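No experiment lies behind these values; they were computed from the predicted model shown. What you see below is based on every heavy atom in this structure, not just the backbone, and it leaves out hydrogens, waters and symmetry mates. In what follows, chains are A, B, ... by sequence order, proteins preceding strands, each numbered from 1.
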2 protein chains.
Amino acid sequence: MIGAEQGVFRALADPTRRQILMHLSTGDMTIAEVSNRFEVTRAAIKKHLVILEEGKLISVHTQGRERINKLEPLGLKSATEWLNYFNRFWDDKLDNLKSAIEDHEDTNKENY
Amino acid sequence: MIGAEQGVFRALADPTRRQILMHLSTGDMTIAEVSNRFEVTRAAIKKHLVILEEGKLISVHTQGRERINKLEPLGLKSATEWLNYFNRFWDDKLDNLKSAIEDHEDTNKENY
DNA sequence: AATACATAATACCTTTTGGTATTATGTCAA
DNA sequence: TTGACATAATACCAAAAGGTATTATGTATT
């Protein structure tokens, strides 16, 4: 539960990086191919790719003079698990509320 | 699918803020109660709480001279949904892989 | 070997972020 | 009403983030 997710949440914090992940979900791309899909410089995109790599959300494979960037969806696991803690928490609250309502209904019935 | 999740991802990017959410999952707290659980200043915690509020992950209710901070787990919904896109994506890849293997096995059988 | 090309590395700039310290405001309680 | 207390607001600082421009490096291609 504790703390290996920092790199992932940091990587996801920037909208450009989230869009890069979306693009990479349609197929592997070189830096040039990624940056063609954005207005910013290739250098800026490269920085984003490094941060995504540090967060283990993508892997990079050198192929001649090109570097292929590949999505690693399993890298999102720690973030997903962290969020699930709260989703469970919320579900429990709803269950408790439901039980409380049912109990109340039962109580009412007893009054008749 | 597109873009209301920025506030949430921004809020989740800081480890102190994620810890605050964890603490609030055990019960509502005033600013003082939250900041007692951290080394940093009350003012710093207050700033984090504002960002969490902007991301709709908590709500704040004034009660006399105190302000009660309350977790809003539903605020995590957009982030969860965003991540689910990739979880689905990953599941599909696994399914495809599985089909491919099964197809290959079938092909092999046909050869006997 | 020479040149073009994809990427890396460096330097630099501006804005945002996370933090402290200090002062102000509003509310409770004697 | 006056003092104590919880929070707000402001000013300020250092570091990190996001970006550009420029130069360097390594790989293909001719």
> Can you tell me how far the CZ atom of R37(A) sits from the CE atom of M29(A), to the nearest 0.5 Å?
Replying inline: 3.5 Å
> On DNA chain D, nearest-nucleotide positions of A32(B) versus K47(A): which is more 5'?
Replying inline: A32(B)
Would you tabulate the pairs of protein nitrogen or oxygen atoms and nucleotide nitrogen or oxygen atoms of nucleotides 25-30 of chain D closer than 3.5 angstrom?
none

> According to a strict under-4.0 Å criterion, is H48(A) in side-chain N/O contact with OP1 or OP2 of dG19(D)?
Replying inline: yes
>> Restricting to side chain to side chain donor-acceptor pair (under 3.5 Å), what partner residues turn up for E54(B), sequence neighbours left out?
In response: R10(B)
> So what does A44(B) touch, heavy atoms closer than 4.0 Å: a base, only the sugar-phosphate, or nothing?
Replying inline: base
>> Nearest whole Å is fine: how far is dA8(C) C1' from L49(A) CG?
In response: 13 Å
> Picking from dT7(C), dA21(D), dG18(C), which would you name as closest to the side chain of A43(A)?
Replying inline: dA21(D)
> Do you reckon F9(B) sits in the same ILVMFWY cluster as I20(A), going by side-chain contacts under 4.5 Å, direct or chained?
Replying inline: yes
> Which of the following nucleotides, dG18(C), dG19(D), dT17(C), is nearest to the side chain of R10(B)?
Replying inline: dT17(C)
> Choosing from dA8(C), dG18(D), dG18(C), which nucleotide comes nearest the side chain of R17(B)?
Replying inline: dG18(C)
> For the pair made of CD in E33(A) and P in dC5(C), what is the distance, rounded to whole Å?
Replying inline: 16 Å
>> Going by the rule side chain to side chain donor-acceptor pair (under 3.5 Å), which residues pair with T26(A) if we only count those two or more places apart in sequence or in a different chain?
In response: none
> Which value, rounded to the nearest 0.5 Å, describes the distance between L71(B) atom CG and D28(B) atom CG?
Replying inline: 8.5 Å
> Between I45(A) and S35(A), which heavy-atom pair has the shortest distance, and what is it?
Replying inline: CG1-CB, 3.6 Å
> To the nearest Å, how far apart are N36(B) CG and dC5(D) P?
Replying inline: 14 Å
> To the nearest 0.5 Å, how far apart are CG in L21(B) and NE2 in H23(B)?
Replying inline: 10.5 Å
> For residues 50-60 of chain B, which residues have at least one heavy atom under 4.0 Å from DNA chain D?
Replying inline: none
> Taking the side chain of I31(B) as heavy atoms from C-beta outward, which of dA8(C), dT7(D), dG18(C) is closest to it?
Replying inline: dT7(D)
> How many Å lie between CE on M29(B) and P on dT7(D), as a whole number?
Replying inline: 13 Å
>> Ignoring hydrogens and geometry beyond distance, is a side-chain donor-acceptor pair present between R18(B) and Q6(A) at under 3.5 Å?
In response: yes
> Rounded to the Å, how far apart are R42(B) CZ and dA9(D) P?
Replying inline: 16 Å
>> Below the 4.0 Å mark, does dA6(C) have OP1 or OP2 next to a side-chain nitrogen or oxygen of R67(A)?
In response: no
Sequence neighbours excluded and cut-off under 3.5 Å, please list the side-chain donor-acceptor pairs for residues 57-64 of chain B, or say none.
from   : atom 1 : to     : atom 2 : distance (Å)
S59(B) : OG     : H61(B) : NE2    : 3.0
S59(B) : OG     : E72(B) : OE2    : 2.8
T62(B) : OG1    : R67(B) : NH1    : 3.0

>> Using OP1 and OP2 only, check whether a side-chain N or O of K46(A) sits under 4.0 Å from dA8(C).
In response: yes
> Whole Å only: how far is the CD1 atom of I45(B) from the C1' atom of dA21(C)?
Replying inline: 16 Å
>> Just to verify, what does E53(B) make a side chain to side chain donor-acceptor pair (under 3.5 Å) with, not counting sequence neighbours?
In response: none
